[in-house]
Amino acid sequence: MDLVTKIAGIVFKNPIWTASGTFGAGGEFQDFLNLDTIGAIVTKTVTLNAREGNPPPRVVETSSGLLNSIGLENKGIDAFQKEDYPFLKKLKTKIIISIAGEGLLAIQKCAAYFTDKNFPAAIELNLSCPNVAHGGTKYSLIAQDPRLTEEIVRTVKKETARPVIAKLTPNVTDIAEIAGAAEAGGADAVSLVNTYMGIAVDAYSMKPILGNCVGGLSGPAIKPLALKAVWDVYKKVKIPIIGIGGIMTGLDAAEFMLAGASAVEAGTANFTDPAICGKILKEFKEYLNIKNIKSASELVGKLFDK
Amino acid sequence: MKHSGQKKIIKEKILSNLQTAPGHFELKIAAPWLAKESRAGQFVMVKPRNETTDPLLRIPLAIHSRNEKGISLMYKVVGAGTEILSYRKKGDIIDLIGPLGNGFNCERALKTKGMKVLIAAGGHGIVPLYMLVKVLREHKVEVEVFIGARTKKQILCEEKLKKTGAKIHIATDDGTKGAKASILAPLTAYLKKENIKKFASSEGRAVSHLVYACGPKVMLAALSQELKKYNVDAEFSLEAYMACGIGACLGCAVMTVSGYKMVCKDGPVFDMRSIVF
């Protein structure tokens with residue numbers, strides 16, 4: 001059976017990838033699984049300047065989910081280039097580097113670092129970053145603003161030759177509109193969804209549990225919501241979609257592809273079992289066998305077949 | 001003892017899962033590899049129930065003790081995950097990741113002749129400290145254990161600790177066992193009595209006494225203030241809400257003098273003076 005997935009001219013060995021922020025740079029997972037088996041690793045988001053991250057507690061479990069407010073803690077792109085980049089280049093797995101910034105200028109400067117001809121496989125734009133530059137408008141996240149999303153994608157495309165994936169937030173009224181804006185800006189693909197905003201409350205202390213109060217919800221609880229988002233976006237754009245949201249099994253991966261995704265990212269699942277991507281891939285292959293499907297790409301958008 | 005530094009996902013049989021005190025359970029697992037690889041102060045990430053998305057995450061539990069058959073974990077039922085764990089039966093296969101974290105550094109205690117080790121435990125904090133006491137006592141190190149809890153029923157492991165030959169001091173908030181005081185009272189009294197030998201090192205630290213502690217953050221903060229007056233070195237084992245437990249998600253942050261560190265990877269044991277309370 002053929003698992004090869006082609007997105008933006010890049011050939012990935014299979015459509016099972018890992019989501020940004022859930023896999024570090026892969027190093028912590030080497031004890032548990034062969035990184036070569038994964039279709040692509042999306043790295044933890046890096047920003048222009050180092051970020052300390054949010055005060056603890058930064059994570060709390062909810063029903064079939066996880067609320068996180070890490071705060072994009074990272075050492076900044078200079079240190080990333082010196083310390084992590086060489087390790088990542090040596091890996092056989094395809095690497096997608098996630099970048100973010102408070103506004104257009106910061107993101108542009110980050111994108112300018114990626115001048116290597118064939119590395120990374122792609123850049124994933126984390127546009128769910130609080131929109132500091134825009135402060136005062138109705139949009140608190142860049143990816144809530146279609147005009148700014150389009151402008152940033154267009155600018156990043158000019159800055160780097162690497163393929164650009166725009167990662168979208170579901171905290172919007174119409175995610176298809178934002179996907180359309182990313183496509184108009186020249187995005188090679190869109191990935192969705194990032195986390196849903198939520199809070200957790202401690203009734204006894206009468207305080208919010210997270211240090212930052214507000215966090216992002218991920219995990220199996222959001223799967224139905226994420227599937228709907230992928231389904232909506234598939235109806236709107238022509239560029240490939242990478243589906244994210246509560247994927248724990250090979251069947252989950254298949255569901256997202258049926259809804260319109262060409263590839264998927266498993267995120268929170270990695271916390272339940274560091275070797276889970278191997279399991280997801282195995283189950284996905286078993287599903288294709290049972291359904292007598294020769295090529296994984298046949299699944300894409302099959303939900304829409306009459 | 002050589003440790004490979006490797007971490008594994010281990011699926012092994014439960015030997016027993018028995019209540020030791022109201023709400024407290026001891027879970028013994030047939031995991032000889034893990035027993036051999038673990039150091040005092042390390043922990044494991046335990047799946048309360050297999051094949052389920054609720055509870056979703058694993059539970060971080062300190063390694064309490066070990067023998068050639070496997071390891072023992074001691075836990076308190078505080079929520080859904082630990083409640084489900086308490087229903088697991090002998091013979092069940094339990095899924096855990098470990099050994100994780102850095103563990104206590106006992107090199108100085110083991111190598112310095114005449115070193116006196118003070119163990120300060122707040123309630124459930126005695127769980128990881130017990131393994132440390134066993135290791136130290138096996139090497140004939142002099143150990144004074146100070147355990148504090150709210151009430152008599154929450155003093156754990158007293159008999160086990162006595163068997164190691166360590167000296168035990170108990171204090172309870174309500175006076176139902178030992179002194180009616182916080183654990184700081186007998187500990188401070190002990191330190192005042194001791195002739196703490198100072199060493200003319202660049203840090204001016206005591207050479208004769210070492211402290212290892214684990215307990216609620218409030219207790220550790222107060223303990224830290226007190227210990228600094230005596231210039232003793234100390235290691236504290238901390239805890240935090242965790243997601244991955246292996247250093248990837250950056251969830252279990254704790255503020256230190258060098259910025260945020262991860263309890264699962266840079267800890268759970270930290271030098272007392274590095275922690276920002």
Side-chain angles (χ1 to χ4, degrees), chain A residues 18-19 21-33 43-45 50-75 200 209-211 215 218-221 223 246 248-249 252 267-276 278-279, chain B residues 4-11 37 45-60 78-82 84 95-100 217 238-256 258-267 275-277:
Chain A
T18 59
T22 70
F23 214 69
E28 295 83 4
F29 287 82
Q30 284 181 311
D31 269 338
F32 308 104
L33 101 151
T43 62
K44 168 76 185 169
T45 300
R51 286 178 62 103
E52 192 178 57
N54 287 338
R58 291 181 175 177
V59 291
V60 64
E61 185 173 350
T62 59
S63 272
S64 297
L66 172 66
L67 204 62
N68 94 77
S69 188
I70 310 292
L72 295 185
E73 175 182 323
N74 77 97
K75 52 183 95 155
I209 293 180
L210 294 177
S218 64
K223 194 181 82 164
M248 301 277 292
T249 67
D252 293 334
T268 306
N270 296 304
F271 303 155
T272 69
D273 174 4
I276 208 166
K279 182 169 155 283
Chain B
S4 70
Q6 216 193 339
K7 307 180 205 99
K8 282 191 187 168
I9 300 172
I10 289 148
K11 296 175 194 185
E37 289 286 325
M45 290 292 277
V46 185
K47 234 186 161 85
R49 183 164 55 195
N50 298 327
E51 309 308 333
T52 179
T53 60
D54 208 6
L56 182 66
L57 300 179
R58 292 169 182 260
I59 304 171
V78 293
T82 40
I84 288 165
D95 183 333
L96 41 114
I97 304 171
L100 302 172
K217 210 140 195 225
L238 303 181
E239 61 176 2
Y241 281 113
M242 288 183 188
C244 76
I246 61 174
C249 72
L250 306 183
C252 58
V254 63
M255 188 47 103
T256 72
S258 349
Y260 283 125
K261 296 285 172 201
M262 296 306 137
V263 173
C264 73
K265 188 172 179 184
D266 306 306
I275 304 166
V276 174
F277 284 103

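Source: prediction; values computed, not measured. We name chains A, B, ... by the order of the sequence lines, and we start the count at 1 in each one.
Interface remark: A:D273 contributes backbone and side-chain atoms alike to the contact with chain B (heavy atom separation under 4.5 Å). Contact of B:M242 with chain A is made through the backbone alone, with heavy-atom distances under 4.5 Å. When heavy atoms are compared at a cutoff of 4.5 Å, A:S69 does not approach chain B at all. Heavy-atom distances place the backbone of B:K8, and not its side chain, under 4.5 Å from chain A.
Distance check: A:F271 CZ to B:L57 CG gives 8.0 Å after rounding to the nearest 0.5 Å. Atom CD of B:Q6 and atom CD of A:Q30 lie 12.0 Å apart (nearest 0.5 Å).
Interface check for chain B: of the options A:G27, A:G246, A:P55, the most heavy-atom pairs under 4.5 Å are formed by A:P55. Counting heavy-atom pairs under 4.5 Å between each of B:G79, B:C244, B:A80 and chain A puts B:C244 at the top. When each of B:G251, B:G245, B:G259 is checked for heavy-atom pairs under 4.5 Å with chain A, B:G251 comes out on top. With chain B as partner, the option from A:S63, A:P56, A:S64 having the largest number of non-hydrogen pairs under 4.5 angstrom is A:S64.
Across all non-hydrogen atoms, the minimal contact from B:L56 to A:L66 is CD2-N, 4.3 Å. Of all non-hydrogen atoms in B:R58 and A:T272, the two that sit nearest each other are NE-O, 2.7 Å. A:P274 and B:I246 get closest at one heavy-atom pair: CB-CD1, 4.3 Å. Across every non-hydrogen atom of B:Y260 and A:E73, the tightest pair is CB-OE1, 4.0 Å. Here the shortest heavy-atom pairing between B:A243 and A:V59 reads N-CG2, 4.0 Å.
Two residues are said to be in side-chain contact when any heavy atoms from C-beta on lie closer than 4.5 Å; B:C249 and A:N68 fail this criterion. Using a 4.5 Å cut-off on side-chain heavy atoms (C-beta onward), A:E61 and B:I59 make no contact.
Looking at A:E28, its side chain never comes within 3.5 Å of a backbone N or O of B:A248 through a donor-acceptor pair.
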